[in-house]
Amino acid sequence: MMKSITRRNFLKAMAVSCAMLTAGCTSKDRDTQNGPKGAEDAEKWVKGVCRYCGTGCGVLAGVKGNKIVAVKGDPDCAVNKGRLCVKGILLPKIINTKDRVLHPLIKKNGEFVEASWDEALELIVSKIKESVDQYGPDSIGFYGSGQTFAEETYVAQKVIRAGIGTNNIDGNPRTCMASAVAGFMTSFGEDEPSGTYADIEEADTFFIIGANPAEAHPVLFSRLIDRKNANPDVKVIVADPRKTRTGDIADYYLEFIPGRDLALLNSMAQVIIEENLINQGFIDRHTEFMKGTDKLSFDEYKAFLQDYTPEKVEAISGIPAQTIREVARLFAAPGRKTMSLWCMGLNQRTRGVWVNNLVHNLHLLTGKICSPGNSSFSLTGQPSACGSVRETGGLSHILPAHRLVANAKHREELAKIWGIDPARMPSKPGYHTLAMFKAAVEGKLKFLWVMCTNPGQSLPNLEYYRPGMEKTFMVVSEAYHPTRTSELADVVLPAALWMEKEGVYGNGERRTQHLAKAIDPPGEAKPDLEVLIEVAKRLGYDDLVPFKTPEDVWKEYQKCQEGTAMQLASYDRLRKEHGLTWPVPGDDKPETYIRYARPWDPYVKEDAPDGIEFYGRPNGRAVIWARPQVDPQENPDAEYPFYLTTGRILEHWHTGTMTFNVPELKNVVGEMYVEIHPEDAAGLGIAEGDEVDVISRRATCTLKAHLNGRGRPRKGLVYVPFHDQVKERMINRVLLDAFDAASKQPEYKVCAVRLQKHQA
């Protein structure tokens with residue numbers, strides 16, 4: 001435990017470094033008196049949303065002529081209230097870059113040559129028809145993104161399912177948020193959080209596990225710091241095998257052995273019950289207990305937890321028993337409000353769904369949910385992973401408005417809206433992400449369309465999957481070329497980027513936000529929505545795409561929401577507002593702060609006990625799950641004695657196609673690196689800056705050693721950011737491709753490696 005002393009100056013400094021004046025944004029980029037550089041040249045300001053993480057910061061783009069000359073935070077957006085991190089401030093520099101794709105490209109004799117749109121589209125259409133005719137509709141695949149607009153994914157999934165006749169549509173949210181989806185569904189019966197970011201200003205205790213918001217969600221982190229500065233009684237618990245900038249503000253820092261967090265969470269639950277810190281009334285009226293498919297009694301669940309007493313868990317997790325007791329008491333303390341925050345550290349795991357369930361358990365046992373400041377909240381990694389995939393039906397097993405492919409009633413509902421025979425809707429879920437790319441390797445997938453993402457760099461175990469992408473006829477819709485995916489493509493389509501088009505994002509707090517078009521795209525680049533509609537028409541699916549504008553698409557999508565608890569606002573209202581948290585049951589109705597609880601959620605029955613109802617489940621009760629500790633699939637051994645984990649850093653985002661184009665961001669860090677505990681490095685004769693081979697059973701990466709950088713992994717663990725585009729430093733080549741059986745989300749956080757000093 002850290003000493004209970006005032007750290008106000010430190011926290012203020014952290015708030016500054018994570019918000020408007022982020023480290024790396026120098027005075028030449030931002031004038032603190034007049035706003036960002038270039039603001040004085042703007043002729044108008046256009047409302048939009050940041051292009052990067054799932055926080056969903058509102059932005060105002062300053063436009064002069066046909067150029068965005070500056071970006072500033074939108075002071076009227078509830079997410080960021082005018083703040084931006086360094087990436088957001090520098091957004092104008094991602095637009096006019098040397099590697100923008102300006103014309104369609106077709107690979108001929110191994111080389112890319114410029115082509116007309118007509119030639120490129122005719123080639124695409126002919127290849128789709130040829131594949132379907134010879135191999136059937138399941139030979140086609142579409143891989144989308146949490147970075148597309150909602151309208152784009154909605155049209156893509158409609159054409160793929162009702163047109164081509166396959167459910168082989170998936171996207172990169174499968175690699176980041178699928179376990180959170182399944183966790184919400186299995187605990188509450190509905191996807192997405194019950195609370196919103198507004199809980200940050202209400203909470204007294206923050207439990208952060210499997211997340212580093214100081215670097216991955218800096219504006220939210222600055223709000224958390226403001227809350228801590230405003231109230232000295234606010235406490236922060238951080239659980240992470242690697243000490244990060246987030247851990248620097250912790251009152252309790254829990255450095256556990258990788259993969260043993262299920263045991264930690266069960267142990268906290270055991271203490272909460274043992275010390276009678278539960279909310280018995282809430283449990284009795286609003287929950288039930290389950291293990292697998294079996295219902296449990298409270299006493300049976302309590303007996304299950306006896307394997308996770310703090311003393312037993314200390315031995316397997318490395319966390320002192322007394323510390324476990326103290327954080328459990330703090331989490332459950334009567335009169336305190338608790339907000340849990342997590343991200344990829346829990347989701348990108350072979351037991352990602354289970355560990356999500358165990359966080360929800362703590363809130364359900366204590367009744368710390370469905371009221372201001374009490375929330376179990378999953379952070380998201382992409383600007384519209386929720387709004388453009390989870391909500392619009394962009395994964396192989398789901399349909400729009402949180403419907404399911406395997407549910408005949410759900411398919412019939414959509415077929416009626418779309419005016420088609422339900423028989424056109426395939427009933428079998430398609431390939432999830434790793435299955436789709438494995439099908440490409442095995443030759444089962446003949447045509448693959450990749451839109452607004454970079455799986456040639458982002459998938460785990462890359463050496464296995466990249467040859468499949470090269471073998472399959474692959475179309476890549478992309479703003480930049482070459483990327484590690486577009487280099488493998490047969491056709492590259494120039495995509496309009498960010499505010500070069502109009503559309504809608506949905507962020508991690510259920511906030512739907514409209515982005516206005518600010519400028520025209522360069523060259524012959526087009527919005528992906530226009531391209532999807534044109535391809536559909538050339539395939540003969542005119543009946544599926546009666547759309548001329550994004551608003552036309554949105555109006556049809558709103559019909560899909562009718563009869564569900566996921567209603568969104570109209571385009572007209574979204575244009576006027578600065579984001580609305582759904583459900584919004586009518587344009588004259590308010591947004592919803594807290595789900596499942598009155599007076600906020602209009603779908604909760606008036607006679608619901610305590611005004612709370614988990615209406616996504618048949619009996620209105622949430623589930624408290626008995627989930628045992630299960631270790632990761634690959635643990636260290638004599639040959640590969642280290643754990644490897646991967647993650648993000650503040651200055652870069654995902655595969656770096658945007659941020660490495662910004663000199664101010666690229667120059668802060670340069671190439672990616674491997675963090676090693678100093679004692680481990682000393683034992684291997686490795687010094688700061690030495691080149692080190694990180695070797696797994698699959699591949700080797702060579703990176704420079706950092707021994708005392710911004711993060712410090714525990715002994716026996718090494719950490720590598722995954723942003724680097726240079727093959728020798730692309731750490732995903734080293735990772736294994738195990739995945740969660742329930743969510744199908746890959747394991748990026750734990751695998752076994754050995755280290756050795758690189759020999760040139």
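The structure displayed is predicted, hence computed values, not measured ones.
- Remark: of the listed residues R712, R710, R242, R714, R242 is the sole one forming a salt bridge (Lys or Arg N to Asp or Glu O under 4.0 Å) with E675.
- Residues E192 and R510 are not paired through a salt bridge, judged by the lack of any N-O separation under 4.0 Å between the basic side chain and the carboxylate.
- Here the straight-line distance linking atom CD of E288 with atom NZ of K295 works out to 4.5 Å at 0.5 Å rounding.
- Distance check: E255 CD to K243 NZ gives 8.5 Å after rounding to the nearest 0.5 Å.
- Residues satisfying the side chain to side chain contact (heavy atoms under 4.5 Å, CB included) criterion with S378, sequence neighbours excluded, are M177, A180, F184, W342, N347.
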Check against side chain to side chain contact (heavy atoms under 4.5 Å, CB included), H402 and E391: CA-CA 6 Å; H402 293 164; E391 295 165 17; 3.9 Å; yes
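- Nearest heavy atoms, T380 versus R390: CG2-NH1, 3.8 Å.
- Applying the ring-ring contact (aromatic ring centres under 6.0 Å, His included) test to pairs two or more places apart or on separate chains, none has a residue in residues 224-249.
- T645 meets the side chain to side chain contact (heavy atoms under 4.5 Å, CB included) test with L717, Y719, K749; sequence neighbours excluded.
- Ring geometry for H652 versus H723: interplanar angle of 30 to 60°, hence tilted.
- Looking at every heavy atom in both residues, I272 comes nearest to A332 through CG1-CB, 3.8 Å.
- Residues that satisfy the ring pair (Phe, Tyr, Trp, His ring centres under 6.0 Å) test with F739, not counting sequence neighbours, are H432.
- Distance check: R627 CZ to N361 CG gives 8.5 Å after rounding to the nearest 0.5 Å.
- Here N231 contributes atom CG and D226 contributes atom CG; the two are 12.5 Å apart, rounded to the nearest 0.5 Å.
- Between E591 and T581, the side chains place a donor N or O and an acceptor N or O closer than 3.5 Å (distance only, hydrogens not considered).
- Side-chain atoms of W653 and P383, non-hydrogen and from C-beta on, do get closer than 4.5 Å to each other.
- Note that OG of S267 and CD1 of I316 are 8.5 Å apart. Values are rounded to the nearest 0.5 Å.
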Criterion side-chain hydrogen bond (donor to acceptor under 3.5 Å, both in side chains) on R351 and Q629, from CA distance to verdict: CA-CA 9 Å; R351 291 294 178 182; Q629 168 65 40; over 6 Å; no
Worked verdict on R325 versus E314 for salt bridge (Lys or Arg N to Asp or Glu O under 4.0 Å): CA-CA 11 Å; R325 285 196 168 86; E314 176 177 353; over 6 Å; no
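- Side-chain contact, Q147 with Q382: a donor N or O sits under 3.5 Å from an acceptor N or O.
- Residues S371 and N374 have side chains that bring a donor and an acceptor to within less than 3.5 angstrom of each other.
- Around CD of E606, the count of heavy atoms belonging to other residues, nucleotides or ligands within 6.0 Å does not exceed 12.
- Of the N and O atoms on the side chains of S187 and N357, at least one donor lies less than 3.5 Å from an acceptor on the other residue.
- Rounding to the nearest 0.5 Å places NZ of K337 at 9.0 Å from CG of D199.
- Ring geometry, F304 versus Y308: the interplanar angle falls from 30° to 60°, so the pair is classed tilted.
- With sequence neighbours excluded, the residues that form a ring pair (Phe, Tyr, Trp, His ring centres under 6.0 Å) with F614 are F188, Y596.
- For F206, the ring pair (Phe, Tyr, Trp, His ring centres under 6.0 Å) criterion is met by no residue, not counting sequence neighbours.
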